[in-house]
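For reference, the structure discussed in these notes is given below.
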Amino acid sequence: MRLVRWYAAVLAAFLVISSSAHAKTFAELVGDVPVGNVSADGSYELPYILWGGEAATFHANGLALKTKGGSIFSQQGLELTLVPGDNFVQQVRNYLSGKTPFLRATAHMIGLAAEVLGRDPRTQPVEVVQLTWSRGDHVVGREGIRSVADICGKTGVMQRVGPHEGMHYDVVKTAACKTLPRIIYVDDITGPKGPAEKFRADRSVDFAYVVTPDMIGLTGGAGQTGSGAEGTVKDAHIVVSTQELTRSIADVYVVRKDFSDAHGDQVAKFVAGYLKGAEEVVELRKAKSGVYKNLLAFMVKTWGTGALPNADEADGLIADCAFVGHAGNVEFFEDDASPTGFKAFRDASQDLAVSWGYAKKPAAILRPTWDWDGKPFAGYLQQMGAKRTSKFNAEATLADLEALQAGGSINDATIFSFSVPFVPNETTFTVTPELKKKFDEAIQLAAKYGGAALAVRGHADPTKVLGDMVKAGLETGVLERRGEGAAKRYFVSGRELALTSTADVVATIQRGTFDKAKSAKPRELMLAARNLSQQRADEVRSAIVAHASKSGKHLDANQIQAQGVGVLEPLVPVPRSMDDVTQNTRVEFALVRVSAEATTSADFEY
């Protein structure tokens with residue numbers, strides 16, 4: 001099984017979003033560590049963790065723990081000793097004491113530690129490079145947890161302080177929970193003391209944050225639902241994963257400010273060397289070269305077969321990360337309008353640290369000041385000037401959405417949705433300030449959930465269709481009415497047709513049951529409602545694409561697709577008031593899980 005991440009149990013227990021208070025601040029966990037100066041001998045320790053992004057570090061260092069002559073880092077004039085960094089608290093202690101100028105973590109974890117790191121101006125964190133985005137982390141839920149909104153008020157489990165803290169922060173913000181989830185914390189990210197085993201043993205746990213191998217063990221695999229056989233948990237399934245929530249877990253390196261100030265050129269060369277290593281690893285993996293096989297063997301040797309059993313597992317570790325490359329770093333650090341850039345992560349991690357009790361106040365996280373188009377990057381990296389391309393195939397994405405709709409499984413594939421009311425019978429609308437906020441929310445969600453389609457789904461009210469159906473049915477004698485008032489019921493061929501069962505009503509009309517009526521044509525009216533809802537969805541899609549362009553926010557136009565649902569999914573199946581009608585005549589923004597065929601793969605994710 002693939003081991004995706006291993007963040008060792010490093011911090012004391014705490015509850016993030018629950019009724020209980022945080023056990024300790026980050027400062028209390030780190031303890032009193034005197035700040036020391038970094039050694040001036042030119043040789044530095046570089047921490048690494050068990051993650052596929054480290055393949056580029058190992059390759060750049062010459063497949064050796066001490067920089068090998070002729071390697072990428074050696075040619076950059078660097079002398080590094082690679083050391084395990086899975087214990088994040090110990091990493092911070094080493095960083096503060098001057099044992100190393102480097103810190104290896106996720107962007108959210110840096111925010112948790114920022115108050116401690118910034119107590120002395122020498123150790124202020126300078127985030128210098130983004131390595132990868134995760135593709136190997138998952139929220140697995142039981143039967144009652146179908147979308148991210150369903151975790152609200154429920155009980156979940158995750159590892160204490162690790163990559164899933166930031167992922168949970170993003171999921172909770174997406175769900176906009178009124179009643180926050182209760183989180184149970186366990187020591188490890190996998191194994192006997194990990195979230196998967198707690199989820200397996202305790203049915204009061206509704207959802208769990210797990211890595212890929214544990215997800216497979218619980219569910220049977222991506223797109224599967226556990227049967228209870230072969231070690232799976234009955235009804236366990238993926239609620240959301242970083243396959244869709246592609247820009248939640250950002251792996252980074254940080255350096256001390258005093259070191260960055262004194263050795264800025266060296267730091268830039270380190271970043272260039274890492275990015276060169278990533279470029280070469282991507283090509284080596286595609287070629288399945290002997291050098292790549294040696295890299296996999298080095299990963300297994302370095303981490304040991306207990307953590308990484310064989311070369312296939314090492315390759316899987318690399319497959320579950322997405323390198324961002326030079327272009328991705330330029331976008332991450334320089335586009336402050338990006339909802340998944342440095343500024344957005346800095347602000348979110350600071351909020352996480354304070355609101356979840358790690359810190360008393362926000363603390364600075366700095367960014368590099370070098371020219372990404374100058375030395376040592378220009379003329380050295382192959383990916384300089386790479387242009388962003390659409391990740392989605394528009395035709396395939398829309399076909400997926402239509403197939404999910406036709407098969408009645410659109411809700412099962414929906415990660416999250418929210419609606420905007422629409423004036424009945426209208427296809428045009430005014431982009432109000434409130435609607436602009438909704439557009440901004442949708443654009444931000446599309447960026448965070450870069451592996452999911454954003455469906456703009458237009459809906460119509462069924463009142464007229466129901467009225468025409470009853471009229472046509474009574475006229476032709478196909479429909480039998482029994483009872484009066486609130487007890488009124490309708491039957492077709494002796495079988496009750498409940499007006500509240502919209503799917504049955506639509507199917508009955510589509511079969512041509514009422515086509516012989518002269519005074520009413522419910523099937524034609526239903527088609528007109530579908531066309532109306534499609535026009536409405538098209539108008540909203542055009543408006544949100546225009547809003548993104550005007551406000552300078554990137555939106556992959558192929559990711560957002562318009563879909564006319566017609567009368568099939570009313571919130572109020574039998575409306576009794578104009579308020580009921582307005583609830584039905586809505587436009588819905590839905591993040592929907594689509595097939596791999598709907599997206600295109602790329603060497604680098606940015």
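Side-chain contact between His59 and Glu280 is present, with heavy atoms from C-beta onward closer than 4.5 Å. Residues Leu404 and Val592 are in side-chain contact: their nearest non-hydrogen atoms beyond the backbone lie under 4.5 Å apart. Under the 4.5 Å side-chain criterion, counting only non-hydrogen atoms from C-beta, Val540 is in contact with Phe429. Under the 4.5 Å side-chain criterion, counting only non-hydrogen atoms from C-beta, Val186 is in contact with Val157. The shortest side-chain heavy-atom distance between Asp315 and Tyr292 falls under the 4.5 Å cut-off. Contact of the Thr397 side chain with the Asn558 side chain is not registered, since no non-hydrogen atoms from C-beta on lie closer than 4.5 Å. Residues Ile560 and Val456 have side chains in contact (heavy-atom distance under 4.5 Å, counting atoms from C-beta outward). Looking only at side-chain heavy atoms (C-beta outward), Ile249 and Trp133 stay at 4.5 Å or farther from each other.
Between the side chains of Asp214 and His138, no donor-acceptor pair of N or O atoms lies under 3.5 Å. Looking at His164 and Asp137, their side chains do bring a donor and an acceptor atom within 3.5 Å of each other. Side chains of Gln534 and Asp538: a donor on one and an acceptor on the other come within 3.5 Å. Ser338 and His554 share no side-chain donor-acceptor pair at under 3.5 Å. For the 3.5 Å distance criterion, the side chains of Arg135 and Gln243 fail to qualify, holding no donor opposite an acceptor. A donor atom on one side chain and an acceptor atom on the other are found under 3.5 Å apart for Asp170 and Ser248. For Ser409 and Asp412, the side-chain atoms include no donor-acceptor pair closer than 3.5 Å. Thr132 and Trp51 are linked by a side-chain donor-acceptor pair at a separation below 3.5 angstrom, with hydrogens and angles left out of the test. Neither side chain, Tyr169 nor Ser349, offers a donor N or O lying under 3.5 Å from an acceptor on the other.
Atom CD of Glu395 has 12 or fewer neighbouring heavy atoms from other residues, nucleotides or ligands inside a 6.0 Å radius. Residue Lys343 qualifies as open at atom NZ: its count of foreign heavy atoms under 6.0 Å is 12 or below. When the shell of 6.0 Å around CD of Glu143 is examined, it contains 12 or fewer heavy atoms from other residues, nucleotides or ligands.
With hydrogens and angles ignored, the 3.5 Å screen pairs a side-chain donor or acceptor of Glu54 with a backbone N or O of Ile49. The backbone N or O of Val423 lies less than 3.5 Å from no partner atom in the side chain of Thr585, so there is not a single donor-acceptor pair. Judged by distance alone, with hydrogens and angles left aside, the side-chain atoms of Asp188 form no donor-acceptor pair with the main-chain N or O of Gly191 at under 3.5 Å. Looking only at distances, no side-chain donor or acceptor of Ser533 sits under 3.5 Å from a matching main-chain atom of His459. Checked by atom type and distance alone, the side chain of Ser549 never pairs as donor or acceptor with a backbone atom of Ala546 at under 3.5 Å. Of the possible polar contacts, none joining the Gln583 side chain to the Asp580 backbone as a donor-acceptor pair under 3.5 Å is found. Checking side-chain atoms of Arg523 against main-chain N and O of Gln510 turns up a donor-acceptor pair under 3.5 Å. In this structure, the side chain of Asp206 engages the main chain of Thr155 through a donor-acceptor pair within 3.5 Å. A distance-only check finds a donor-acceptor pair linking the side chain of Thr432 to the backbone of Leu435 [under 3.5 Å]. Remark: the backbone N or O of Val233 is not paired with any side-chain donor or acceptor of Arg200 at under 3.5 angstrom.
Considering CD of Glu569 and CD of Gln405, their distance stands at 5.0 Å, rounded to 0.5 Å. Asp347 CG to Leu352 CG: the interatomic distance, rounded to the nearest 0.5 Å, is 12.5 Å. Atom CD of Glu331 sits about 9.5 Å away from atom CD of Gln130, to the nearest 0.5 Å. Within the model, atoms CG of Asn584 and CZ of Phe422 stand 14.5 Å from one another, a figure rounded to the nearest 0.5 Å. The CG atom of Leu525 sits 10.5 Å away from atom OG1 of Thr463, with the distance rounded to the nearest 0.5 Å. A distance of 10.0 Å separates CD of Glu597 from CG of Asn393, quoted to the nearest 0.5 Å.
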For side-chain contact (heavy atoms from CB on, under 4.5 Å), just list the numbers for Ile189 and Val211, CA-CA rounded to whole Å, side-chain angles, deciding distance to a tenth of an Å, and then say yes or no. CA-CA 8 Å; Ile189 201 167; Val211 293; 3.8 Å; yes

Ser595 vs Asp400, test: side chain to side chain donor-acceptor pair (under 3.5 Å). Steps then yes/no. CA-CA 7 Å; Ser595 68; Asp400 266 14; 2.7 Å; yes

Go through it in stages, so that I can follow the logic: the residues are Asp335 and Phe342, the test is side-chain contact (heavy atoms from CB on, under 4.5 Å), and I'd like the CA-CA distance, side-chain angles, deciding distance and then a yes or no. CA-CA 8 Å; Asp335 184 3; Phe342 169 83; over 6 Å; no

Residue pair Leu317, Leu50: steps toward the side-chain contact (heavy atoms from CB on, under 4.5 Å) verdict: CA-CA 9 Å; Leu317 199 67; Leu50 182 50; 3.8 Å; yes

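Checked for salt-bridge contact, Asp440 and Lys553 meet the test: a charged N lies under 4.0 Å from a carboxylate O. Checked for salt-bridge contact, Arg530 and Glu524 miss the test: no charged N lies under 4.0 Å from a carboxylate O. Salt-bridge formation is not detected for the pair Asp150/Arg146: no Lys NZ or Arg NE/NH1/NH2 atom is positioned less than 4.0 Å from an Asp or Glu carboxylate oxygen. Salt-bridge formation is not detected for the pair Arg536/Glu539: no Lys NZ or Arg NE/NH1/NH2 atom is positioned less than 4.0 Å from an Asp or Glu carboxylate oxygen.
The minimum heavy-atom distance linking Ala175 with Ala149 is given by the pair CB-CA, 3.8 Å. Closest heavy-atom contact between Pro573 and Leu466: O-CD1, 3.4 Å. Contact record, Val252 with Ala107: CG2-N, 4.0 Å, taken as the closest heavy-atom pair. In terms of heavy-atom proximity, Ala442 sits nearest to Ile544 at CB-CD1, 3.6 Å. The nearest pair of heavy atoms linking Val239 to Val140 is CG2-C, 4.3 Å. Scanning both residues, Pro339 and Ala344, for their nearest heavy atoms gives O-CB, 3.4 Å.
Sorted by first and then second residue, the ring pair (Phe, Tyr, Trp, His ring centres under 6.0 Å) pairs involving residues 229-253 (not counting sequence neighbours) are Tyr253-Phe270.
When Ile410, Leu401, Val587, Thr414 are each tested for a side-chain contact (heavy atoms from CB on, under 4.5 Å) with Arg457, only one passes: Ile410. Across Val324, Val330, Asn329, a single residue satisfies side-chain contact (heavy atoms from CB on, under 4.5 Å) together with His326, and that is Val330.
Ring geometry, Tyr209 versus Phe207: the interplanar angle exceeds 60°, so the pair is classed perpendicular (tilted spans 30 to 60°). Ring geometry, Phe345 versus Phe332: the interplanar angle falls from 30° to 60°, so the pair is classed tilted. A parallel orientation is assigned to the rings of Trp372 and Phe333, their planes being inclined by less than 30° (bins at 30° and 60°).
For the pair Lys391 and Tyr449, the cation-pi criterion (under 6.0 Å, within 45° of the ring axis) is not fulfilled. For the pair Arg142 and Phe199, the cation-pi test (distance below 6.0 Å, angle within 45°) is passed.
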